[in-house]
Amino acid sequence: MPVKDLIRRKVVTIEQDDTVMLAAQRMKDKMVGSLVVLDGDKPAGIITDRDIAIRVVGAGKDPSTPVGDVMTRDPVTIREDASFFELTKTFREAGVRRLIVVDREGKLLGLISIDDVFELLTTEFANLITAIRG
């Protein structure tokens, strides 16, 4: 099963020049914990609620700080045609909780979290148990 079939939610984005205040408001409004930071139609970074807590509030920075100043640059991505095995391997090797899904040209397609993978596996295990129990 390719990664593109596993994308479970629409990705919420922001631009590098937008403020951290806008990022926090967008996370609140969309009920998400991270935003993909775009440079055109390609991911330039990612900012999480934890980044805002540590790199902005904890560092005493102003909420008008540009997202580009505090985001994680060069985020870990995975291509849409990667396999489930490649996905789990990338999570393990990169030590991240979210992977940005891109097409062959590196354009943003979606986001998949490790929680999405756990949810998928839980459903599949339940299906297998049901099959075994008949």
Side-chain angles (χ1 to χ4, degrees):
M1 174 181 298
V3 168
K4 67 180 175 185
D5 294 342
L6 303 175
I7 299 172
R8 303 189 64 131
R9 63 183 97 167
K10 188 174 183 333
V11 64
V12 183
T13 64
I14 197 156
E15 300 291 326
Q16 295 181 65
D17 294 334
D18 289 331
T19 66
V20 171
M21 175 68 83
L22 178 62
Q25 290 169 337
R26 190 164 295 166
M27 286 181 198
K28 177 183 164 244
D29 292 346
K30 299 294 185 179
M31 298 174 51
V32 296
S34 65
L35 303 172
V36 175
V37 184
L38 293 178
D39 181 9
D41 55 4
K42 295 184 179 178
I46 190 166
I47 186 165
T48 66
D49 47 7
R50 187 171 191 275
D51 293 333
I52 293 171
I54 293 170
R55 296 177 185 170
V56 179
V57 177
K61 292 186 178 181
D62 192 272
S64 63
T65 300
V67 167
D69 290 356
V70 295
M71 70 182 186
T72 298
R73 295 187 178 284
D74 302 317
V76 181
T77 62
I78 192 160
R79 288 222 343 227
E80 65 179 323
D81 56 354
S83 68
F84 184 77
F85 174 77
E86 291 171 285
L87 175 71
T88 58
K89 181 180 177 195
T90 303
F91 271 122
R92 183 180 67 247
E93 291 177 352
V96 295
R97 298 189 52 81
R98 298 167 185 90
L99 291 173
I100 297 170
V101 182
V102 296
D103 66 12
R104 292 177 191 252
E105 289 80 41
K107 294 178 184 175
L108 176 66
L109 293 178
L111 184 72
I112 188 164
S113 73
I114 203 159
D115 294 342
D116 296 330
V117 174
F118 286 141
E119 185 178 330
L120 172 70
L121 289 173
T122 300
T123 301
E124 291 305 315
F125 284 135
N127 290 339
L128 288 172
I129 290 169
T130 300
I132 290 169
R133 293 186 177 160

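Hydrogens, waters and symmetry mates play no part in the numbers below; they use all other heavy atoms, side chains included. Along the sequence shown, the residues carry numbers beginning at 1.
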Strictly below 4.0 Å, N to O, side chains only: are Asp103 and Lys107 in salt-bridge contact?
no
Residue of the set Asp39, Leu38, Ile47, Asp69 for which side-chain contact (heavy atoms from CB on, under 4.5 Å) holds with Gln16:
Asp39
Mark yes or no for whether Thr19, through its side chain, and Leu22, through its backbone, hold a donor-acceptor pair below 3.5 Å.
yes
For the CE atom of Met71 and the CD1 atom of Ile14, what is their distance to the nearest 0.5 Å?
11.0 Å
Is the shortest heavy-atom distance from the side chain of Glu124 to the side chain of Asn127 under 4.5 Å?
yes
Any donor-acceptor pair under 3.5 Å from Asp29 side chain to Arg26 backbone:
no
4.5 Å side-chain heavy-atom contact, Phe84 and Val117
yes
Calculate, to the nearest 0.5 Å, the distance between atoms OG1 and CG belonging to Thr13 and Leu111 respectively.
11.0 Å
Separation between CD1 (Ile100) and NZ (Lys42), nearest 0.5 Å, reads 13.5 Å
From Ile54 atom CD1 to Ile52 atom CD1, the distance as rounded to the nearest 0.5 Å:
11.5 Å
Please tell me if the side chains of Asp116 and Leu6 come closer than 4.5 Å, counting only heavy atoms from C-beta onward.
no
Output the distance between atom CD (Glu86) and atom CZ (Arg79), rounded to the nearest 0.5 Å.
9.0 Å
